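Step one of this worksheet: look at the structure below.
Everything numeric here is computed off the predicted structure, so don't read it as measured data. Start at 1 with the first residue, then count along the sequence. In listed order, ligands and their atoms are each counted from 1.
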Amino acid sequence: MPDIAFVNDAFLPLSEARVSVEDRGFQFGDGVYELIRVYAGRPFRFTEHLDRLEQSARSVAIPVPYTRERWTALVSEAVSRSAYPEAKVYIQITRGAAPRDHVLASHVPPTVVITVRALVPPDPALYASGVDVVTVPDIRWARCNVKSVSLLANVLAKQQARDRGAVEAIFVRDGYVVEGTTSNVAVVRDRVLITPPEGPLLLSGVTRKVVLTVAQQGGVAVKEEPVTEADLCTSDEVLLTGTTIEVLPVARVNGRQIGARAPGPVTSLVMDRFKRILA
Ligand code: PDD
């Protein structure tokens with residue numbers, strides 16, 4: 001079962017896929033991406049991911065070279081060529097290959113890369129016990145709703161989390177919780193699920209939206225409103241949401257225990273309902 005790549009109109013084994021060193025994605029991080037989970041051979045919330053891909057590209061003026069139908073056909077072919085039932089599909093569009101110049105290249109075709117790899121889910125024990133997270137200052141730019149491949153701040157913050165024995169770093173800006181390096185964050189207080197509102201400072205997570213819906217369906221009140229770092233540390237429950245982790249309970253923030261035990265009752269309900277929509 002091979003890892004598959006699609007690069008500029010051709011499918012090939014991932015190990016043979018190449019792009020130019022002059023690609024602006026490589027030179028400048030000048031590109032956008034999506035990561036989509038495949039369950040039982042089917043991409044999860046594909047339309048929402050395509051919507052966000054188009055939105056990201058549009059907001060940084062990168063032309064999207066394919067129609068919806070073509071993306072759908074390409075991803076479906078890539079998934080079936082890989083034959084992984086549980087997989088992650090990565091789609092990247094960069095502004096293309098051109099001699100290095102900060103000024104936007106014109107008449108340069110964008111580079112499209114699609115890869116499909118087997119998904120290795122996080123250790124199930126983490127869902128049973130909850131994970132450690134740490135808070136870090138948000139040093140990123142002010143357009144984090146664009147899913148840009150420029151991820152240096154995220155990479156450094158994630159490594160800082162690992163170095164501090166945690167699985168995720170939560171960005172905090174001006175005292176307010178923003179999101180994780182690869183996840184959105186929600187807290188529970190008095191059985192109300194609260195997550196920071198959408199806006200330019202955070203990614204509108206596909207999983208975040210699903211979680212808000214399933215929580216409401218399960219009778220949990222939800223609020224999209226600012227969460228301070230102090231709220232985070234003193235809430236009844238904390239959870240992370242994201243394509244690769246689904247719904248992951250948090251046991252400790254900066255070493256401080258959250259609630260009586262993780263996962264707490266609301267997080268358990270949301271985890272359960274999330275699993276059910278996958279079934
Ligand atoms: N990232 N916030 C950030 C900064 C992210 O990078 C991600 C996901 C999320 C969650 O979004 P979603 O629920 O749509 O996956 C929030 C992917 C998994 C990644 O970069 O690999």
Side-chain angles (χ1 to χ4, degrees), residues 25 29 31-39 43-56 59 75 86-94 113-122 131 133-162 167-173 176-187 193 195-215 224 227 232 238-248 250 270-271 273-275 277-278:
V32 296
Y33 77 103
E34 277 299 323
L35 190 82
I36 302 158
R37 183 100 173 236
V38 174
Y39 294 97
F44 180 67
R45 293 292 195 266
F46 189 56
T47 306
E48 288 85 339
H49 282 285
L50 272 189
D51 286 345
R52 191 171 63 187
L53 181 67
E54 289 179 349
Q55 174 63 37
S56 292
S59 59
V75 167
E86 308 295 313
K88 51 186 179 183
V89 175
Y90 177 78
I91 303 178
Q92 177 176 301
I93 312 173
T94 74
V113 170
I114 302 173
T115 64
V116 183
R117 315 187 73 147
L119 181 100
V120 182
V131 298
V133 302
V134 292
T135 55
V136 296
D138 194 350
I139 58 166
R140 300 174 303 161
W141 70 334
R143 295 178 71 188
C144 297
N145 55 334
V146 175
K147 203 159 172 57
S148 158
V149 298
S150 306
L151 289 170
L152 192 49
N154 302 54
V155 165
L156 294 176
K158 184 74 113 185
Q159 187 57 44
Q160 210 181 316
R162 286 298 142 86
V167 309
E168 179 64 303
I170 307 294
F171 288 118
V172 173
R173 196 185 283 247
Y176 288 93
V177 171
V178 183
E179 62 179 339
T181 65
T182 58
S183 59
N184 291 112
V185 186
V187 302
L193 184 83
T195 192
E198 291 177 307
L201 298 183
L202 60 94
L203 189 75
S204 297
V206 170
T207 321
R208 172 188 179 281
K209 197 153 277 170
V210 174
V211 160
L212 290 177
T213 305
V214 298
E224 295 178 73
V227 174
L232 176 75
V238 175
L239 51 146
L240 305 175
T241 67
T243 292
T244 44
I245 55 170
E246 303 172 333
V247 182
L248 188 59
V250 171
V270 168
M271 289 165 75
R273 288 198 164 245
F274 190 87
K275 280 271 173 253
I277 59 167
L278 302 173

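- Regarding atom 1 (N) of ligand 1, its nearest protein heavy-atom neighbour is K147 NZ, 3.0 Å.
- Considering backbone and side-chain N/O of H49, none are found under 3.5 Å from N/O of ligand 1.
- In this structure, R273 and I277 have side chains that are not in contact, with every pair of non-hydrogen atoms separated by 4.5 Å or more.
- Y90 is linked by a ring-ring contact (aromatic ring centres under 6.0 Å, His included) to Y33, counting only residues two or more places apart in sequence or in another chain.
- Across every non-hydrogen atom of R208 and N184, the tightest pair is CB-OD1, 3.7 Å.
- Proximity of R45 to R52: side-chain heavy atoms (C-beta onward) are nowhere separated by under 4.5 Å.
- Every atom of ligand 1 with a heavy atom of G180 under 4.0 Å away is listed here by number and element: 4 (C).
- Scanning all protein heavy atoms for the shortest distance to atom 21 (O) of ligand 1 gives L35 CD2, 3.6 Å.
- Looking at L151 against ligand 1, nothing comes within 4.0 Å, counting heavy atoms.
- Residue N154 has no nitrogen or oxygen atom sitting less than 3.5 Å from a nitrogen or oxygen atom of ligand 1, judged on distance alone.
- Scanning the protein for heavy atoms near atom 11 (O) of ligand 1, the closest one is G205 CA, 3.5 Å.
- In this view, F274 and F44 satisfy the ring-ring contact (aromatic ring centres under 6.0 Å, His included) rule, not counting sequence neighbours.
- Ligand 1 is approached by R52 to a heavy-atom distance shorter than 4.0 Å.
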Verify side-chain contact (heavy atoms from CB on, under 4.5 Å) between L278 and E246, making sure each step is shown before the conclusion.
-> CA-CA 11 Å; L278 302 173; E246 303 172 333; 3.6 Å; yes
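- Contact record, P196 with V177: CG-O, 3.5 Å, taken as the closest heavy-atom pair.
- The atoms of ligand 1 that sit less than 4.0 Å from any heavy atom of E179 are 2 (N), 3 (C), 4 (C), 16 (C).
- Residues V238 and I170 form no side-chain contact, since every pair of their non-hydrogen atoms from C-beta on lies 4.5 Å or further apart.
- A distance of 4.5 Å separates CG of L240 from CD1 of I245, quoted to the nearest 0.5 Å.
- Considering backbone and side-chain N/O of T207, one or more are found under 3.5 Å from N/O of ligand 1.
- Given atom 10 (C) of ligand 1, the protein heavy atom at minimum distance is N184 OD1, 3.6 Å.
- Ranking the protein heavy atoms by distance from atom 15 (O) of ligand 1 puts T243 OG1, 2.5 Å first.
- By the 4.0 Å heavy-atom criterion, L202 is excluded from the residues contacting ligand 1.
- With E34 as reference, L53 is the one residue of V75, L53, D51 to meet the side chain to side chain contact (heavy atoms under 4.5 Å, CB included) rule.
- Counting heavy atoms under 4.0 Å from ligand 1, residue C144 does not touch it at all.
- Look at Y33 and you'll find a heavy atom under 4.0 Å from some atom of ligand 1.
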